[in-house]
Amino acid sequence: MEQLHWVRFRCQQLWAANHTQGWYSPPRPVSDKYSPQRSAGKRRTVLARWGPHQDEYHSISKSYRNNRIRTTKYTLLSFIPKNLFEQLHRVANIYFIFLAVLNFVPVVEAFNPEIALVPIILVLLVTALKDIWEDQRRFRSDREVNRLKCSVYSSKERDYIDCCWKDVHVGDFVRLSCNEIIPADMLLLHSSDPRGLCYIETANLDGETNLKQREVVSKMEEMEFVPEDFHWRIECENPNNNLCRFRGYMENPSGARVGLHNSNLLLRSCIIRNSEAVVGIVVYAGHETKAMMNNSGPRYKRSLLERRLNTDVLWCVLLLIVMCLTAAIGHGIWLKQLKNPIFEVGEETSPALAGFYVFWTMIIVLQVLIPISLYVSIEIVKLGQIYFIHNDVDLYNEHTDSRIQCRALNITEDLGQVQYIFSDKTGTLTENKMVFRRCSVYGVEYPHYDNGRGGAVLYKPVPAQCLGQCNMVCLPHNRAAKEVVPDCELVTKLSWLCAPDLNVAHSCAKASSSLELAFITDFFLTLAICNSVVVSSPAQSLNVLPQAQTPLRSLEEIKLMFQRFNLSALPALPTLPPPLKSSLYISTLDSVVHPVGVMDAPGEEEVPKLMFPEAAASEDAGAVEPEDTVLYEAESPDEAALVYAARAYHMTLKARSADSLQVELPTGGTVQVPLLHVLPFDSNRKRMSVVVRHPLTGQVVVYTKGADSVLMDLTRSPTGNQHTQKHLDSYAREGLRTLCIATKQTLEEEEYEVWLKTQLLAESSIENREELLLCSAQALETNLTLLGATGILDRLQEEVSETIEALQRADVKVWILTGDKQETAINIAFACKLLCPSDQLLTANCEDKVSSHPHVRTLELYNSQQESCAVLVQDFLHRVTCYVAGSVLVIDGHTLDWALQPELQGDFLELSKHCKAVICCRSTPLQKSQVVRLVRDKLKVMTLAVGDGANDVSMIQVADVGVGISGQEGMQAVMSSDFAISRFKHLRKLLLVHGHWCYTRLANMILYFIYKNVMYVNLLFWYQFFCGFSGNVMTNAWVLILFNLIFTSVPPLIYGVLDQDTPVDVLMAHPEFYQRTRTSKDYVSLMFWLNILDAFYQSLVCFFIPYFAYRDSDIGELSFGSPINASALFIILLHQVVESHTLTWIHGLVFLLSAGSYFAFVLLLSVFCVTCSPPTNPLGVETMQMSQPAFYLVCILTTVTALLPSSSLRSMELVRVHRAWKAHTVKQPH
Amino acid sequence: MITAMMASSYNAKEEDGHHSGAAGHGGAGADKSRKPDNTAFKQQRLPAWQPILTAGTVLPAFFVIGLIFIPIGIGLYVTSNNIKEFEIDYTGVDSKSECYACARNFSWNSTTPCTCSMNFTLEQPFESNVFMYYGLSNFYQNHRRYVKSRDDSQLNGDPTALKDPSKECEPYRTSEGLPIAPCGAIANSLFNDTLELHYVDSNGTKVEIPLVKKGIAWWTDKHVKFRNPNGNTNLTVAFQGTSKPVNWGKPVYELDPLDPENNGFINEDFIVWMRTAALPTFRKLYRIIQKKSSTTPTLPSGRYILSITYNYPVLSFDGRKRMILSTISWMGGKNPFLGIAYITVGSICFFLGVVLLIIHHKYDNRNTSADIPN
């Protein structure tokens, strides 16, 4: 299936010759025809189709497209004119047409008109056939899609009736049930879920398989939904392609407005999951849906080689002009010397004019010199190369069952030229399988030693049944993240919370303050609820919120306990919390005792082990899962790791709905936490917050988690932040990912009300919504209390260090661009052997938090004053340039900002050029792309960026070669990449073997192609010296035209696809060979000119040996051409044999077919062509020639003589190369 | 399952301008693994032969080529040397030449043909069949516009083309309102000298040597490509309504009035002329002198007289006319070039083999632990 696709896209690009400029074409809109309606201003109004405002509906909706899609380019009628028109303004075709038209001018006519038309007709025909085939496929799939059924409300039937997708209109009510595909972009108005939720899977849209939650437009869930009575007027944006943004509002006749946002919108081609039935109103249909507007064609990048090829094509043009000029001048002179010759035809023309005519004739005759078909051939070759890359079993990942995806189809050879690799860290070098490793709460560190021991479990293969259960999807990382072994000390402390009677608790609490306990509780509560994970459990359907479990302890006790802690913990609170409504947290009391998780012996002594039987069990049994377990689907693996960590401490997130969360407490009770707001994570704030009403105190509480760099500045801690900071630093040194957890419990009701207003305002605004939301969030996230910090381990992927070592041996510079902390980045760099202890580390850091690494000599830049930073950076860059030799530069985001300033760019590059590696930490996505662009543009090198997350997208797009790693973080990186791999280690073979091969293959193929054309065309050129430069040819015109188009067109392709200049084992074992391709040794101008020279030599031999052999004999024109053509064919084919490094039976077959087709063609022509193709009528020529021994003698002599120099040079070179391989193999047996 | 979905969705995404989102996508390939086949072809592990890789294969190849080529060359050279050839220029450039007068006073319109004769001596007897050629120099029969100026359909006997010749024949397409048959510049410039050969025997009497004028054209040309209109029945009628080419003295149906099999378009002299020569200096077969008996040579050594009816002007463009007598061998006419070339190339191969052997030997000794080639 996929193969078909890439073939198709290859074909599409193949003929698209109008792609000459730019790095890659920006995604083009589907077609102008489908562009959004601009006439209606910036907004669109949607009314219910069968609603009360029928008339208005019709006037408004006239201009909206219905849901029929048509992606075909042509109709039956428009095909010929449109297709012709499209083809006729492509450069290559224009060249062909120019030649064909030129041939119709009688004075310059070289061939019969029909022969000159062959190339262009062939090209047009092939393209048209391909277009028809493609359009037919589109038409079929369009029809299939248009005929899909969905149930749409009809006012006549007063019910939902089945209807084709194409008949859905804007304003229709569509009812969908579970697993149905959404036919158009709709606003969710009703869901069978009591909370008004529904889940959609967007895999069809963006490849992300986790479920996204969508909610019914607020206020709508409260009322009964009756389609007839829907009198709201929907105002929303005009159709656009932003998948993550939807703004608008709904207004009822009384003027009340409800804000609409992205979570209300069901997108076309997503699938409804876990929801019985939903009803929505269509707002965008057909081509105006976001899914359709997001469809951009495949990326087109131009490879370096292709760009260089263009200069050589220009040389060919020059050569052509020179040859034609020579002929023109020669003809003029020749004509001038002639006096009244008997063979002169027609009236006398002046030599100058005749020369001018001959110039154009010669351009027709020698047209093949311009290798227009080379472009087509290159595309085909790349298709073949990609086929082999795609099929490489070494680039296949068993675990995820994924192959490499080649998305950009025409830059294969750039893989062989890479000089700089920019790598993301998380998920690229590392597994992105997060394991909760350590935490620090209240300034106390809990090292979780046992957790480290459990690490071995992580490498156990993921059982298949974990991959998919019911409708719900769980990612493999969840399992790894689940296995958290709690820290004993922390368990002990937590267990006091559950002490059966308060006295015991008090006595225990003496050991640590009750404040600390409150911190610990809040810490884990934050881990459990401050996230966006979707909870699902195999036993229950997602949309039913499970009933709160019976607490084992009486509610009163819990309440009391919390009150006690809160009182002591936060003295600022009112002395007593307001009385709680029972509905807030406990819905029912049930007599059923929950079997798992909590011990049920209230009177026992508090023994931590007993408190956590599960924990004890998991220590022994590792991966034993409790039966009734909940599964979490998180957007990022960190979140999942934290939630699982909280669960390990029995702060279990049991279920979530739009407005509440259900959490099981360590004490055994399940409480419902009313969720007031979620301020989602964004890369500016680098934190996320939830606003909840505390289940027990009833107060509005903000829980925040985020990057330590931002949160440390926003928080204060009763014990001071220094301890935590120390722990954070040590975590970072261990290579852990750090997060800070904070809370804000001092939020007064009035304060909250004020904030709520701004928040609501922000949410409902259409313009500036993002800015307002940001402001609002920042207003809330102040005066936070630091609860603690977490350290999450992210394991290195397998063979990362080997890969990096190999790449460095291949003289490829590896830079790490990461958003992580400096210490973390340095640690990972050590782990993957990018850094070795002997390296000198240059740290450029504008902030004052510089910690030197113990293993390396460090040169540091200290500064806390931002203003003078620029000066210091400059100073730094100048100062250290003298120190660098094999050193590694570490630069952080702040400093990078300065270093990227135009004034300092040069210095920065100069320094980094001398460094072995560069590590940019704390860099933003923008900085990543800036760095890549800087290196790419200023150093003029081939860059490769590899990453897995959305934050790498810009970098991937900027780099010459973008590689996406299909990992845990969705498909955005993959979607924007040129190649998508599943493991970092695949880069090794991709670059060292496939890159090398693709490059040498293509380079050699191009050289061969040009050689072939020059060689053949020169034969015709030499003949001009003997026919008065009149533009005559000694070959039948058909043979001449088809020689390049058919007889010798396949061998170069085979050469470009199959040749292996160095065996795979040598390339893998000796990355040094990569330099050879990287420095473009195979395709430098010297090689180009050597090839041209060889072609000249061969054509001289190929022409003049027959010339001397047949001189002054009764040889006819075509009889003379016959041995020349035949030997040219042999020479061209055998030249490839000489140039090839490997020959397989495929080569043999192709050579046979090529030669066979030529001889079959000329023989048939010479037997059956009685009066055809005047004036070069071939009747009897070949049969006569081939019956004479002289023909064969000439062919053999010509072929051997022509190939003599190239084959002897080649053999000498090959002997040398082989010896080198042998030397390597001896040194390092593999 | 997950990845299958991802992959299929990626496919859906890739559909240019088209987003089906059809249900079919999810299921496809859900069961079978996407692992590439581990076949030799797909993994690029096809057994491959690396040509000319070791000294062990290169050197013998050179030596073998040398060893084969040199004997062939010698054979060819000897064969070529055994061919007897005699050539005589009768253009009449030199004032001493017998044909000087004819050459000077040439005019296409003169009704009285100018004749001249030249004496020559064959030093050696010509044993086998002797081929008599006329040779022209500096005659660009391969000029593009000249080559085009013919109508193969007309020559093939197509009656419509006879009355309405191809435009390619312009300006020799019509004459005085009538279509020219055969039209075009090639036919118009038909070589029209008549050559006769006399042997002067020891008594001084001239013996005319019989010249065979049939069998000089290719079989395919004579029988397939060239046809008279309406078969070979009355050619005068067949060519009625056509005009003779401008330069011709007589119409096409009078080219050989005695032999209907050699008249009209299928006249062999005409056919030979119509097969345009490849190079500006060329010869065309004129007559064959058949060997009469195995005992006497076809052309004994001695004095000969070549009588020329001088019709064909070449002086204006510095052309030359020659008469060539030649025997032929299995490889054609006399041409020492091929033999010499074979010997030369064979020797070069041999030499290269030696050089490579030396280089190989030296390289082997000097550098056994070679570095990576750059």
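Lettering follows sequence order; numbering is per chain, from 1.
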Checking A:I1196 against chain B: side chain, backbone, both or neither under 4.5 Å from a heavy atom?
both
May I ask you to check whether A:F1026 and A:Y1107 place their ring centres under 6.0 Å from each other?
yes
Can you tell me which portion of B:L76 sits under 4.5 Å from chain A's heavy atoms? Options are side chain, backbone, both or neither.
side chain
For A:T1176, which atoms come within 4.5 Å of any heavy atom of chain B: side chain, backbone, both, or neither?
neither
A:I182 portion near chain B, given a 4.5 angstrom heavy-atom threshold:
neither
So, B:F317 versus B:Y140, ring centres under 6.0 angstrom or not?
no
Residues which pass side chain to side chain contact (heavy atoms under 4.5 Å, CB included) with B:I343, listed by chain and number, not counting sequence neighbours:
B:I74, B:S347
With only heavy atoms counted, which part of B:F69 is less than 4.5 Å from chain A, the side chain, the backbone, both or neither?
side chain
Which atoms of A:Y1110 are under 4.5 Å from chain B, going by heavy atoms: the side chain, the backbone, both sets, or neither?
backbone
Sequence neighbours left out, what passes side chain to side chain contact (heavy atoms under 4.5 Å, CB included) with B:V224? Give chain and number order.
A:V1170, A:L1179, B:W219
Side chain, backbone, both or neither: which part of A:E398 has an atom under 4.5 Å from a heavy atom of chain B?
side chain
With no hydrogens and no angle check, just 3.5 Å: does a side-chain donor-acceptor pair link A:N1032 and A:E1117?
yes
To the nearest 0.5 angstrom, please state how far the CD atom of B:Q44 sits from the CH2 atom of A:W997.
5.0 Å
Which atoms of A:M1184 come close to chain B, meaning under 4.5 Å heavy atom to heavy atom: side chain ones, backbone ones, both, or neither?
side chain
